[in-house]
**Student:** 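One structure, as structure tokens, below. Some questions next.
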Amino acid sequence: MTLVILAKLFIYSILCLSLAAALGVVLLPNIFHAALCLVGTLIGVAALYIALQAEFIAVVQILLYVGAVMTVVIFAIMLTQRIADRTIPQTNKQSLPAVAAIGAFVAIVGSHLLKMDWSKAGWAGLVHSTRVSVLDLGKALLGEYVFPFEVISVVLIAALVGAVVVARKD
Amino acid sequence: MLIPLDHILIFSLLLFSIGVYGVLVRRNVIGILISIELILNAVNVNLIAFSPSTAENPVMGQVFTIFVITLAAVAATVGLAIVLALYRIRRTVYTDEINLLRW
């Protein structure tokens, strides 16, 4: 087996495991297990980013999503557990209409996705052969995209202050 | 490319639909919030998948993804602060038991 075939097999199995973990996120009755399955999904998506040559985004995903967001989520789960949680149903009564609607959506969009020729001249003519390095990202963030970069710092400060104010004991 | 584009798009479509199912069906508010994280991850996968071929500047997809990750973290944090405040008052995190505005 050549290395490319092994790499493809590895990536496809990571995609299937990520989808299985995503199913675990929405179907598991225990919310803590669901949060741990979300950690698995996020790590699988980070592996996909590495396969798509976006290594910086993969590291950002692991640091921010898995490291920070999931920590906050698990904190919140631990602080809001009730004693009788095992016997309480975790899904409301709208499972069947939701499955039907989402199945229809996936069928329609998926059929169009698979029918479309993604290697047509209009798409393939724009393929960039240069890899994006962290230097390019830094130049873009402080050059062309400096306005959303500054605005997002304001959003972060506002969210920090807002979360502290909303969650404090008074 | 290691994986053809339509396989990545099918993956992100399935991830998105699983996230939407979680938002619609979960009773626990924290369960809804983590399903929203699934939706935002599917969007990020799409952005990164299209950025080498369709963006006029290949760095655009990754810059957009950084912003989406940051905003998703912000939304999760503020949402969980609200959940904590709610739990302190109502002692529940289940959506059908939070009916304060209804008599």
Side-chain angles (χ1 to χ4, degrees), chain A residues 7-8 11 15 19 22-23 25-26 31 34-35 38 41-42 45 48-49 51-52 54 56-57 60-61 64-65 68-69 72-73 76-77 79-80 89-92 94-95 98 102 105-106 109-110 113-114 118 123 126-128 130 132 136-137 140-141 145 148 152 155-156 159 162-163 166-167, chain B residues 2-6 8-11 13-15 17-22 24-28 30-31 33-35 37-38 41 44-45 48-49 51-54 56-59 62-63 65-67 69-74 76-78 80-85 87-88 92-96:
Chain A
K8 279 192 208 245
I11 282 296
L15 288 184
L19 282 177
L23 278 173
V25 170
V26 301
I31 192 73
L38 184 63
T41 309
L42 295 173
V45 170
L48 176 63
Y49 290 159
L52 291 175
F56 180 70
I57 305 294
V60 164
Q61 166 105 347
L64 284 190
Y65 255 124
V69 173
V72 169
V73 165
I77 291 175
L79 288 173
T80 58
Q90 284 280 352
T91 57
N92 56 23
Q94 293 164 0
S95 281
I102 289 170
F105 171 71
V106 169
V109 177
L113 263 182
L114 289 172
W118 295 104
W123 300 97
L126 288 173
V127 171
H128 300 280
T130 59
V132 176
D136 296 330
L137 274 177
L141 275 175
Y145 302 102
I152 215 161
V155 169
L156 281 168
V166 165
Chain B
L2 204 58
I3 314 174
L5 188 62
D6 35 0
I8 306 176
L9 294 179
I10 296 284
F11 170 73
L13 170 70
L14 289 172
L15 203 62
S17 57
I18 292 174
V20 170
Y21 176 75
L24 291 176
V25 154
R26 277 278 191 187
R27 275 182 72 222
N28 195 330
I30 303 180
L33 282 171
I34 62 182
S35 306
E37 298 301 322
L38 277 181
N41 268 290
N44 282 341
V45 168
I48 301 247
S51 107
S53 60
T54 315
E56 64 182 78
N57 184 355
V59 89
Q62 303 197 12
V63 167
T65 304
I66 292 178
F67 291 137
I69 291 179
T70 313
L71 287 171
V74 161
T77 302
V78 174
L80 289 167
I82 294 177
V83 165
L84 281 177
Y87 181 75
R88 199 175 290 137
T92 180
V93 283
Y94 293 110
T95 48
D96 40 4

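Any value given below was found using the heavy atoms of this structure, including those in side chains, with hydrogens, waters and symmetry copies removed.
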**Student:** Quick check on the interface: out of Ile82(B), Thr95(B), Asn44(B), Leu84(B), who has the most heavy-atom pairs with chain A under 4.5 Å?
**Tutor:** Asn44(B)
**Student:** Between Val45(A) and Phe11(B), does the side-chain contact (heavy atoms from CB on, under 4.5 Å) criterion hold? Intermediate values first, please.
**Tutor:** CA-CA 10 Å; Val45(A) 170; Phe11(B) 170 73; 4.3 Å; yes
**Student:** At a heavy-atom separation under 4.5 Å, does Val73(A) approach chain B through its side chain, its backbone, both, or neither?
**Tutor:** both
**Student:** When rounded to the nearest 0.5 angstrom, what is the spacing between CD1 in Ile34(B) and CD1 in Ile77(A)?
**Tutor:**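 Interatomic distance, Ile34(B) CD1 to Ile77(A) CD1, rounded to 0.5 Å: 6.0 Å.
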**Student:** Measure across Leu113(A) and Asp6(B) and return the closest heavy-atom pair with its distance rounded to 0.1 Å.
**Tutor:**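 Minimum heavy-atom separation between Leu113(A) and Asp6(B): O-CB, 4.4 Å.
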**Student:** Out of Leu137(A), Val106(A), Leu48(A), Val155(A), which one racks up the most heavy-atom pairs below 4.5 Å with chain B?
**Tutor:** Leu137(A)
**Student:** Which region of Leu15(A), side chain (C-beta onward) or backbone (N, CA, C, O), has a non-hydrogen atom less than 4.5 Å from a non-hydrogen atom of chain B, or is it both or neither?
**Tutor:** both
**Student:** In terms of heavy-atom pairs under 4.5 Å, which option from Asn41(B), Val74(B), Ile30(B) contacts chain A the most?
**Tutor:** Asn41(B)
**Student:** In Å and rounded to the nearest 0.5 Å, what is the OH to CG distance from Tyr145(A) to Asn57(B)?
**Tutor:**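 It comes to 5.5 Å.
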**Student:** Check Tyr49(A) against Val45(B) and note the closest heavy-atom contact, atom names and distance.
**Tutor:**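 Shortest heavy-atom separation between Tyr49(A) and Val45(B) comes out as OH-N, 3.7 Å.
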**Student:** At what distance, to the nearest 0.5 angstrom, does CD1 of Ile31(A) lie from CZ of Arg26(B)?
**Tutor:** 4.5 Å
**Student:** Roughly how far apart are Ile102(A) CD1 and Leu14(B) CG, rounded to 0.5 Å?
**Tutor:**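 That separation rounds to 11.5 Å.
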**Student:** Of all the heavy-atom pairs spanning Leu15(B) and Ala22(A), show the shortest one and how long it is.
**Tutor:** CD1-CB, 3.7 Å
**Student:** I'd like to know which of Leu42(A), Ile57(A), Val25(A), Asp136(A) tops the heavy-atom pair count under 4.5 Å against chain B.
**Tutor:**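 Top option by heavy-atom pairs under 4.5 Å: Ile57(A).
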**Student:** With a 4.5 angstrom heavy-atom cut-off, which part of Leu38(A) approaches chain B: side chain, backbone, both or neither?
**Tutor:**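 When you check distances to chain B, only side chain atoms of Leu38(A) fall under 4.5 Å.
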**Student:** Identify the heavy atoms of Ala163(A) and Ala81(B) that sit nearest to each other, and give their distance.
**Tutor:** O-CB, 3.6 Å
**Student:** Any idea which heavy atoms bring Phe67(B) and Ile152(A) closest together, and the distance?
**Tutor:**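 Smallest interatomic distance, heavy atoms only, reads CD2-CD1, 3.4 Å.
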**Student:** Would you say the side chain of Val60(A) lies within less than 4.5 Å of the side chain of Thr65(B), judging by non-hydrogen atoms?
**Tutor:** no
**Student:** Let me know if Ala34(A) has heavy atoms under 4.5 Å from chain B in its side chain, its backbone, both or neither.
**Tutor:**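 Looking at Ala34(A), backbone and side chain both touch chain B.
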**Student:** Where does Leu79(A) contact chain B at under 4.5 Å (heavy atoms): side chain, backbone, both or neither?
**Tutor:**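 Both backbone and side chain.
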**Student:** Tell me, with the steps shown, if Val78(B) and Val166(A) meet side-chain contact (heavy atoms from CB on, under 4.5 Å).
**Tutor:** CA-CA 8 Å; Val78(B) 174; Val166(A) 165; 5.9 Å; no
**Student:** If you count heavy-atom pairs under 4.5 Å between each of Val20(B), Thr77(B), Ile10(B), Leu33(B) and chain A, which one has the most?
**Tutor:**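 Heavy-atom pair counts peak at Ile10(B).
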**Student:** So for Ile11(A), is it side chain, backbone, both, or neither that comes closer than 4.5 Å to the heavy atoms of chain B?
**Tutor:** side chain
**Student:** Show the nearest heavy-atom pair for residues Gly22(B) and Val26(A), with the distance to one decimal.
**Tutor:**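 Reported closest heavy-atom pair: CA-CG1, 3.5 Å.
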